[in-house]
*Asks:* 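Structure provided below as structure tokens; questions to follow.
These figures come from a predicted structure and were not determined experimentally. For the numbers below, each heavy atom of this structure counts, side chains included, while hydrogens, waters and symmetry mates do not.
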Amino acid sequence: MNDLNTNMIEKYRNSFLNEVEANVEEGEWVKMCMQCGVCSGSCPLGNAWEHPPQELFMMIRAGKREEVLSSDSMWMCTSCYNCIVRCPREVPITHIMHGLAHYARRLGMEPKEQPTAKFAQLFWDNLMKKGRVNELKLGIDLYFKVGEGMKTALKNKDIGIAMWKAKRMNPMEFFGGHAVKDLNGFQKAIKKAEELEAARLDKHKA
Amino acid sequence: MTEVVATNETILVVGGGISGMTAAIEAAETGKRVVLVEKRAYLGGRVSQFYKYFPKMCFPTCGLEINQRRTKMNPNITVLTMAEVTNLEGEAGNYNATITLSPRYINDNCTGCGDCAKVVEAEFDNEYDYGMSKRKGAYLPHVMAHPMRYVLDPAIIGTEDADKARAACKVDAVDLDMQQEEVKFNCGAVIWATGWQPYDADKIQPYGHDRFDNVLSNVEFERMCDPKGPTGGKIVRPSDGKVAKNIAFIQCAGSRDHNHLYHCSRICCMATLKQTNYVTDALGDDADVTIYYIDIRSIDRFEDFYKKVQDNDNVKFIKSKVASVTRDSGGNPVCNGVDTEGYHRYANAHDMVILATGMEPSVDADKFPVDIVINREGFIEADEKNGGIFAAGVASEALDVNRAVQHATGAALRAIQVINRVATTEA
Ligand SMILES: Cc1cc2nc3c(=O)[nH]c(=O)nc-3n(C[C@H](O)[C@H](O)[C@H](O)COP(=O)(O)OP(=O)(O)OC[C@H]3O[C@@H](n4cnc5c(N)ncnc54)[C@H](O)[C@@H]3O)c2cc1C
Ligand code: SF4
Ligand code: SF4
């Protein structure tokens, strides 16, 4: 193809598709979708999605930035991978769903009170403290911030006791919990990564 | 013993489908000597298993008959059936071919009277009907088979049935001592026309071809619609024999799919549009056909054919590749998916579902008896490295009959040029 053609393609290329390709994990695959619908029809939670993956891909290509990034849909993905194994084009749909959700969150565009988003945040905050997940605290936080608090905690108490007996969970972790070896180094690395990411995101903030 | 007279000015044609027959006839009619090697017991290939041809909706028997006649009448063509090329070496202008012939147990005396079949009792799955009917251990592959000679199934050799067949034959055609044979001969160019086989529908797990009786592949449905086929041409559900009126076709079943065949098989859209006509012809206004598709590829002049089907009120098109087929309590196959025009979720029950499966090359890429350039899809590439070996018809890519025949004529011309070169250097 000559330069003139390439330039024209770039000029008219939908900028939201460009944005997705640059910022969303596996985003460069969105253009490969042939709109067959197999992914949407294969999703076991399909009924819960306002826009199934096939539609999200078309919306991206149609430049519907607000609707896509503020959508609840990609947060519904449970990573069952049914769509990926069936997609005739090998589009990594699951990864793109998580990539879109993550990108929306970074831009602060995710729907408010989205439970999956809330849980993801809890998980992240928990992980950042000690460089490893404190499962006891994560469970408790989850019950009180997302679930029904005491009721859920009590319902699961037998499982908790069994895990404790099998040495799968240590109640002492409640008081601080242990950290990775080089906690300082871990936190520095994360900070650096966040700076790099923030600089890149600035370009696309609406 | 089978005798084959051949020199390095002979053309070997492998595969006696419509493409191989065409290439052989075209070359022979210019005066070249041709040996035509066919694996089956008869010529005609997959085309002989069709009820009607698109786009004209005429019977394939008509075109086949003309070609069978031209083959029979031409002294330049030697036909070997039940034969396969087991070795091939050499270079353009000088190849040595080894052909292995399986015993037919019936010799040239056969008049096609069928007395042997009347007395034989053992029955086998009929491959001509893709296993949907039974045939005897002594059989004529199909009513228009050429050569018109019966075949004994090797499984009855050594049983009482074989002796009964021999006793019943009035012209001494049953020869139970026939053995597998090898013939070797010289040839100057090779035309490879081994065609296609249907993609194995069982491999498309979400569609349940292996689990649900009422899910058929398009080649099976083609046999069902043929009055000479397993149901006498009645369109009925295999599960309960009831007339099937509400019929769904699923396009690109196993084609254009990285989990199955990479390529578009190119004819299955047209095959479905053709088969839709079988249904509406048989049932009139009772027909209720749904075609699930990604896009309909009725290439160039076939567009008219598509338009006519679109205009039929008894045919619905749903733009969606079905995600899965399940079965409801009434034994009806249910198509599940989401459509592309509005993203509506559907779960539609049908009497019968036909999978428009595509064509894959009939010879495995690693089973060619000679080095040859094969593409990712398994078809033969036109490449100088192939020397004097030329692909014809569907062995080169997915084609309809019209294009396969044109392609075969081109292959014949290429082979003729090699032979002419040999002839001039040797003169
Ligand atoms: C469902 C369906 C419906 C179709 N309907 C139509 C239609 O209506 N109209 C139309 O134009 N096209 C139709 N087609 C396409 C048509 O079938 C092909 O174009 C045609 O069969 C091509 O002929 P061929 O000779 O290349 O291959 P084939 O018909 O496959 O013939 C190949 C021959 O080679 C033989 N062979 C294979 N391997 C060997 C070997 N190792 N050694 C020796 N011999 C071998 C085979 O036994 C066979 O006889 C349809 C296809 C499908 C799938
Ligand atoms: S299955 Fe793949 S090609 Fe089909 S709509 Fe989904 S992403 Fe697109
Ligand atoms: S011809 Fe039609 S059904 Fe067959 S693979 Fe191509 S698009 Fe799909």
Side-chain angles (χ1 to χ4, degrees), chain A residues 17 26 28-64 67-68 70-97 100, chain B residues 199 203-208 248-265 268-269 290-297 317-326 333-349 353 355-358 360 376-377:
Chain A
L17 178 60
E26 308 277 14
E28 66 279 10
W29 279 91
V30 170
K31 61 176 174 293
M32 292 303 293
C33 167
M34 66 169 164
Q35 290 292 301
C36 72
V38 162
C39 53
S40 311
S42 301
C43 179
L45 282 183
N47 292 320
W49 298 48
E50 192 190 356
H51 310 297
Q54 170 200 20
E55 188 180 8
L56 282 177
F57 296 152
M58 205 59 205
M59 287 165 74
I60 292 172
R61 302 199 301 215
K64 302 201 167 179
E67 278 127 298
V68 171
S70 60
S71 165
D72 186 59
S73 293
M74 56 270 194
W75 295 95
M76 295 295 163
C77 174
T78 54
S79 309
C80 75
Y81 283 77
N82 229 357
C83 55
I84 291 200
V85 297
R86 287 187 187 169
C87 171
R89 286 280 176 96
E90 282 183 330
V91 175
I93 304 149
T94 310
H95 303 171
I96 303 173
M97 291 307 113
L100 279 173
Chain B
Y199 183 71
K203 287 192 194 157
I204 317 163
Q205 270 298 308
Y207 292 164
F249 289 89
I250 300 181
Q251 295 311 110
C252 305
S255 297
R256 300 169 71 187
D257 189 333
H258 285 228
N259 299 310
H260 303 284
L261 301 175
Y262 284 101
H263 58 273
C264 162
S265 291
C268 14
C269 277
T290 309
I291 299 175
Y292 296 93
Y293 70 104
I294 306 175
D295 38 44
I296 295 288
R297 297 188 169 173
F317 287 82
I318 296 183
K319 188 169 173 62
S320 165
K321 185 168 163 111
V322 171
S324 67
V325 177
T326 48
V334 180
C335 291
N336 305 285
V338 172
D339 74 30
T340 303
E341 291 167 324
Y343 307 101
H344 309 101
R345 196 161 290 276
Y346 59 81
N348 300 334
V353 168
L355 307 180
T357 45
E360 67 180 1
R376 183 181 68 164
E377 288 77 23

*Asks:* Shortest non-hydrogen contact from A323(B) to R86(A)?
*Replies:* O-NH1, 3.5 Å
*Asks:* Could you have a look at G46(A), G37(A), P52(A) and say which one has the most heavy-atom pairs with chain B under 4.5 angstrom?
*Replies:* G46(A)
*Asks:* Is a side-chain donor or acceptor of N259(B) paired with a backbone partner of V85(A) at a separation under 3.5 angstrom?
*Replies:* yes
*Asks:* From Q35(A) CD over to S320(B) OG, what is the distance, rounded to the nearest 0.5 angstrom?
*Replies:* 10.5 Å
*Asks:* Measure the spacing between NZ of K321(B) and OG of S40(A) and express it to the nearest 0.5 Å.
*Replies:* 14.0 Å
*Asks:* Do you know the tightest heavy-atom contact between R345(B) and G41(A)?
*Replies:* NH1-CA, 4.5 Å
*Asks:* Should R256(B) and C36(A) count as side-chain neighbours, where that means a heavy-atom distance under 4.5 Å?
*Replies:* no
*Asks:* If I take atom CE from residue M34(A) and atom CG from residue D257(B), how far apart are they, to the nearest 0.5 angstrom?
*Replies:* 7.0 Å
*Asks:* Do the side chains of P88(A) and H258(B) get nearer than 4.5 Å, heavy atoms only?
*Replies:* no
*Asks:* In this structure, are over 12 heavy atoms from other groups packed under 6.0 Å from K64(A) atom NZ?
*Replies:* no
*Asks:* Do H51(A) and Y343(B) make a side-chain contact, defined as non-hydrogen atoms from C-beta onward lying under 4.5 Å apart?
*Replies:* no
*Asks:* Check each atom of C39(A) against the heavy atoms of chain B and say whether the ones under 4.5 Å are side chain, backbone, both or neither.
*Replies:* neither
*Asks:* For N82(A), which atoms come within 4.5 Å of any heavy atom of chain B: side chain, backbone, both, or neither?
*Replies:* neither
*Asks:* Give, as side chain, backbone, both or neither, the part of D295(B) having an atom under 4.5 angstrom from any heavy atom of chain A.
*Replies:* neither
